[in-house]
Structures are given as structure tokens and as C-alpha cells.
Chemist: 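Got a structure for you, written out below as C-alpha cells; questions coming shortly.
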Amino acid sequence: MTNPAGDADSMPTPDRLLHTGAEHPVDPEDLVMASGRTPTPALIERARRQLELEGAAAVERLTP
């Protein structure tokens with residue numbers, strides 16, 4: 001089944017909204033969203049600790 005025209009969920013994300021982390025540091029919210037989860041205070045704190053320990057490698061594991 002296809003989504004109706006104009007459905008925001010069926011449209012690709014514009015390039016201007018995408019970034020790889022090369023343009024600026026990845027923040028904990030970025031890491032949580034890259035994992036496919038909704039940011040919550042607990043997940044953001046866990047991601048913050050993960051970024052402190054692993055640096056950019058934390059997000060590189062989640063993205064191609």
C-alpha cells in the first residue's frame with residue numbers, strides 16, 4: 001500500500017537536514033535518534049556517556 005501524496009512520512013528527508021557529524025560534533029540526541037529510538041532523558045544520558053567513552057566511533061557503529 002502506498003502513502004497518499006503529501007504525507008510527510010512518505011517523503012525523503014531533505015539533504016539540508018541530514019548531516020554526518022563531520023560538519024559538527026554529534027550530540028547525545030543525535031546518537032539516540034541514529035539508533036532509531038525516541039530521545040528520553042535516560043537514553044540521552046546513556047548516549048552522553050557512550051560518546052564520552054567512544055567518541056565518534058559510537059555513532060559510526062550505527063551509520064553506514
Side-chain angles (χ1 to χ4, degrees):
M1 178 175 196
T2 60
N3 291 329
D7 182 357
D9 291 333
S10 67
M11 302 299 295
T13 303
D15 289 346
R16 65 183 168 71
L17 297 177
L18 299 173
H19 62 84
T20 63
E23 298 86 19
H24 55 81
V26 175
D27 61 26
E29 290 85 359
D30 291 332
L31 185 59
V32 173
M33 290 188 292
S35 72
R37 300 180 192 154
T38 300
T40 64
L43 289 174
I44 291 170
E45 178 58 26
R46 183 173 161 192
R48 184 191 62 73
R49 289 191 310 266
Q50 190 174 4
L51 285 169
E52 285 179 0
L53 290 172
E54 300 177 27
V59 74
E60 290 170 0
R61 288 187 297 115
L62 299 172
T63 56

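Predicted, not measured: the structure shown is a model, and the values here were computed from it.
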Chemist: Which atoms form the tightest heavy-atom contact between L43 and T38, and what is the distance?
Modeler: CD1-O, 3.5 Å
Chemist: Any idea which heavy atoms bring A47 and P28 closest together, and the distance?
Modeler: CB-O, 3.6 Å
Chemist: Does R46, at its CZ atom, have more than 12 non-hydrogen atoms belonging to other residues, nucleotides or ligands within less than 6.0 Å?
Modeler: no
Chemist: To the nearest 0.5 Å, what is the distance between CD (E54) and CD (E60)?
Modeler: 10.5 Å
Chemist: Looking at every heavy atom in both D30 and D27, which two are closest together, and how far apart are they?
Modeler: N-OD1, 2.8 Å
Chemist: In terms of side-chain geometry, is the basic nitrogen of R48 or E45 positioned less than 4.0 Å from the acidic oxygen of its partner?
Modeler: yes
Chemist: How close do E29 and P39 get, heavy atom to heavy atom, and via which atoms?
Modeler: O-CG, 4.4 Å
Chemist: Grouping I, L, V, M, F, W and Y whenever their side-chain heavy atoms are under 4.5 Å apart, do L51 and L62 come out in a common cluster?
Modeler: yes
